[in-house]
2 protein chains.
Amino acid sequence: MHQKKEIINKLRSSNLRPTKQRILIAKKLFDRKETFHFTAETLNKVVNRKGQTRISLATIYNTVEAFKKAGHIREILTNNSKSYYDTNIKSHHHFYDPQTKKLTDIDYQEVILKKIPNPPKGKKIKDLEIVISLQKK
Amino acid sequence: MHQKKEIINKLRSSNLRPTKQRILIAKKLFDRKETFHFTAETLNKVVNRKGQTRISLATIYNTVEAFKKAGHIREILTNNSKSYYDTNIKSHHHFYDPQTKKLTDIDYQEVILKKIPNPPKGKKIKDLEIVISLQKK
DNA sequence: AATCCAGTTTATAATTATTCTAAACTGGAA
DNA sequence: TTCCAGTTTAGAATAATTATAAACTGGATT
Ligand SMILES: [Mn+2]
Ligand SMILES: [Mn+2]
Ligand SMILES: [Zn+2]
Ligand SMILES: [Zn+2]
């Protein structure tokens, strides 16, 4: 699905020089069927599996920030002390399970908002995020 | 509105010994007209204004956690690195302004949800929070 | 009222997540 | 091939929070 060339184009078009570190990270992030909800820590683990060319944690952070700024990933709201990111950049919502600290996508159309408030004057709505926290039944 | 006796009862009924630190913090939190959205840092500033009996930052954190566990305050979702708390424990939502890092209440009835997804099996919904981030118009 | 102790407070250290720094490296334009 | 702005990196620094352990105190018991 995501060939190396596509990844390189994606990086180039966002003014990100396609270094071997960024290409590897992009592969790990985008070359998968399901959307990926991750923290710097989990991404670091995935990227730095045995054997693979080692990428520093600083680069993990730098790249996550760069991809976020470029709009390739988005940050998600949680109450966890770590920052969570999402490879699904379409507008959608999340279940959050505080037990497992795992996020699950909720498709945009699975929530229908009948009424939302007007933003304060001088401001407009940038984003509306819904987080549904779960507990054991 | 919140007399000292009420505060002491509130603490007692949650199995929190009404120490002078907790009583002072509770006053600062609950003896106000508007709901209060705060971080450990802002609460510390409010509590430790000139003159007042000094309360350690550790106690600020301990008390916030105790009040949260007792259900007197709730934690709010934001992407900020600090934890945000709310004296309004009724179910409601928020505007978040990333510029000012300020939260504003949205009354529960100002949002009407026409459809929400079913939770995964074995789980039930503990809470549904909506955060509307703002930007300059 | 004096005693007592579990619960609480506190200063300080430790931990955790993240950002900063500055030196070495490299993609790719020229 | 040269060159340099952009990038990577190890390690230091920062920031928020939590842990530790000694001192203190609310209030029950005597
Ligand atoms: Mn968060
Ligand atoms: Mn938060
Ligand atoms: Zn998602
Ligand atoms: Zn609120």
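Values below: every heavy atom of this structure, side chains too, minus hydrogens, waters and symmetry copies. We name chains A, B, ... by the order of the sequence lines, and we start the count at 1 in each one. Not measured: the values here are computed from a predicted model.
Atom CD of A:Gln109 has more than 12 heavy atoms from other residues, nucleotides or ligands within 6.0 Å.
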side-chain hydrogen bond (donor to acceptor under 3.5 Å, both in side chains) between B:Asp86 and B:His37, intermediate numbers included:
CA-CA 5 Å; B:Asp86 195 337; B:His37 298 117; 3.0 Å; yes
B:Thr87 vs B:Phe38, test: side-chain contact (heavy atoms from CB on, under 4.5 Å). Steps then yes/no.
CA-CA 9 Å; B:Thr87 54; B:Phe38 63 96; 4.1 Å; yes
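When distances run from any side-chain atom of A:Ile55 to the nucleotides D:dT8, D:dT9, D:dA19, the shortest one goes to D:dT9. Here the nucleotide nearest the side chain of B:Lys82, chosen from D:dT17, C:dT10, D:dT8, is D:dT17. The B:Ala58 side chain lies nearest to D:dA19 when the options are D:dA19, C:dA17, D:dG27.
Within the structure, a side-chain polar atom (N or O) of B:Arg22 is placed less than 4.0 Å from OP1 or OP2 of C:dT9. For D:dA16, neither phosphate oxygen OP1 nor OP2 lies less than 4.0 angstrom from any side-chain nitrogen or oxygen of B:Ser81.
Residue-to-nucleotide proximity on DNA chain C shows that, of B:Leu16 and B:Leu57, the 5′-proximal contact is made by B:Leu16. Nearest-nucleotide positions on DNA chain D for B:Tyr61 and B:Arg17 put B:Tyr61 closer to the 5' end. Comparing B:Gln21 and B:Thr39 by the nucleotide of DNA chain D that holds the closest heavy atom to each, the one mapping nearer the 5' end is B:Thr39. In this structure, A:Glu41 and A:Lys20 both approach DNA chain C, and ranking their closest nucleotides by distance from the 5' end singles out A:Glu41.
Rotation axes derived from the C1' atoms of the five outermost pairs at either end of the helix from C:dA1-D:dT30 to C:dA30-D:dT1 lie 20° apart, to the nearest 10°.
Looking at A:Glu75 and A:Lys68, a side-chain N of the basic residue comes within less than 4.0 Å of a carboxylate O on the acidic one, giving a salt bridge. By the 4.0 Å N-to-carboxylate-O rule, A:Asp127 lies close enough to A:Arg74 to be salt-bridged with it.
To the nearest angstrom, C1' of C:dT18 lies 14 Å from CD1 of A:Ile60. Following rounding to the nearest Å, A:Lys101 (NZ) and C:dT16 (C1') show an atom-to-atom distance of 12 Å. Atoms OH (B:Tyr84) and P (D:dA15) sit 15 Å apart, rounded to a whole Å. Atom-to-atom, CG of A:Leu24 to P of D:dT7 comes out at 17 Å; the value is rounded to the nearest Å. If you measure from atom CG of B:Asn80 to atom C1' of C:dT19, you get 15 Å, rounded to the nearest angstrom. Atom pair A:Phe38:CZ and C:dA17:P shows a separation of 16 Å (rounding to whole Å applied). A:Leu11 places its CG atom 13 Å from the C1' atom of C:dG27, with the value rounded to the nearest Å. Note: NZ (A:Lys69) to P (D:dT7) measures 12 Å, nearest angstrom.
Using a 4.0 Å heavy-atom cutoff across all strands shown, B:Thr19 reaches sugar-phosphate atoms only and no base atom.
Partner of A:Ile23 under the side chain to side chain contact (heavy atoms under 4.5 Å, CB included) criterion, out of A:Lys28, A:Lys4, A:Lys10: A:Lys4 alone.
Seen from the ring of A:Phe36, A:Arg32 counts as a face-on cation partner, given the 6.0 Å and 45° thresholds.
Checked by atom type, the side-chain pair B:His94/B:Thr104 shows no donor-acceptor distance below 3.5 Å.
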